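Model, not experiment: these values are computed from the prediction. Just follow the structure's listing: the first ligand is 1, and inside any ligand the first atom is 1. All values below were derived from every heavy atom in this structure, side-chain atoms included, with hydrogens, water molecules and symmetry-related copies excluded.
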Amino acid sequence: EELLHRASAIRFPSDFVFGSATSAYQIEGAATLDGKGESIWDRFTRRPGAIVDGTNGDVACDHYHLFPRDIALMKEMGLKAYRFSLSWPRLFPQGSGRLNAAGADFYNRLIDALLEADIEPFLTLYHWDLPQALQDRGGWYNRDTAMRFADYAAGAAALFGDRVTKWTTLNEPWTFCWWGHATGEDAPGLADGVKGGVAASHHALLAHGLAVPLIRSEARNAEVGITLDVNVTEPATDREEDVEAARRFDGAQNRWYLDALFRGAYPEDMLDLYGPRLLPDIRPGDLETIAAPLDFLGINNYRRSVIRAGTELAPLSFARVAPEGSDYSALGWEIWPQAIEDILVHVHETYRPARIYITENGMATAEETPDVKGRIEDVERAAYYVGYVEKVASAVARGVPVKGYFAWTLMDNFEWALGYTAPFGLVHVDFRTQERRIKWSGEVYGRIAREAPGR
Ligand code: PNW
């Protein structure tokens, strides 16, 4: 097949790692077992209408019990790294204070099994499942949550830092701050507009900055980074109002985080746009804390953002445009492989992070069922991976220091507000039986993982 030929032609440096990514709430299940505390997603999924199919992550992929099988699948596909997150309330049911020993035991067994299988753990501390106990005290609106996160990070680094060297503080602050606090589509489900998104973002970034030096001092040889979902943003037309809307959107999603982390300052145009009425309590020294030097930047990229002037989230006042003639995933996300090369080159040239990992990239389809031969022939997803990985290779060839790539996601799982209706996996999961089977995309991606580095 043509796709397999293209997959086999991809070349990367020999130290480039291919892996897959997941997050705790989306796969673990065991939501109330062994002393785990409640998270904001446990709570939010109970809200009528919050999740399109009325489901939740109570069981999900039952990875809590089935992780040895999941590691065997990674091994079968030839993956060399695994990006996963810790459930904060599984370790600290109240958010801080008492450690739940059974939670620590679970992650110890997971990490040991990964190392045994020669798969490098890339650990993320926060992938959206805030302890509900902290939400009850204001969550990311409360500056104290940043201090609690720092305690949690130090605790986790002390527990696992003898074996884990790759540490990521937050996954996608833009997404969890804005979708959780501005639009309310994600937990904790607050629809407080721009003011909510910006306030949550500042405390999340502060949490990150406070955690960085603590992870370095508690873990051995730690490399510390953060993962952002940054998108190339293009105006839909060259009309002044669309160009301005695209600049505002880029300011909110990309520059707010990148400028703070890499330049120690929020972008002036965004400070002006938000003004005293919408800006949170930003204290002297906060930006210095946030701009703690990083070992790597994680980039999640799925699509590009084509933006025109509109009515969403005033005063950002934008609308998303779906360019004609493009292909779209089942979620209506534009498939545009060039976007991943463009964003890598742009971030490298503008901010010069020491190293970059693509920490997520992947594609949703409609729900899939095995054919008569028991196979899932997800050709579109396989083509998506080949197309995007080719563009990551071009970025490397252009001198961008990309050191690894993680497919989102290892296996079909709980896709947040979309429940189980939007599978992204390299591996199909039958949620009635917990049976797993590697899809065609998993075979193609496995070929890339095994063959592309160092040839
Ligand atoms: C990521 N967008 O979120 C998350 O990190 C994952 O947990 C999630 O399952 C995955 O992407 C797929 O949705 C995103 O609008 C949410 O482009 C939204 C976007 C991208 C990523």
(message) Using the ring centroid of each side chain, check whether Tyr405 and Tyr357 are separated by less than 6.0 Å.
(response) no
(message) Looking only at the aromatic ring of each residue, does the gap between the centers of Tyr152 and Tyr126 stay below 6.0 angstrom?
(response) no
(request) Can you sort out the partners of Trp167 under ring-ring contact (aromatic ring centres under 6.0 Å, His included), two or more places apart, ordered by chain and number? (result) none
(request) Please name all residues satisfying side-chain contact (heavy atoms from CB on, under 4.5 Å) with Ala191, sequence neighbours left out, ordered by chain then number. (result) none
(message) Strictly under 4.0 angstrom, heavy-atom based: which residues surround ligand 1?
(response) Gln26, His127, Trp128, Asn171, Glu172, Thr175, Trp179, Asn300, Tyr302, Arg303, Trp333, Glu360, Trp408, Glu415, Trp416, Phe424
(request) Could you tell me which residues satisfy side-chain hydrogen bond (donor to acceptor under 3.5 Å, both in side chains) with Thr145, sequence neighbours excluded, listed by chain and number? (result) none
(message) Check whether Thr369 reaches the backbone of Glu367 with its side chain - one donor and one acceptor, N or O, closer than 3.5 Å.
(response) no
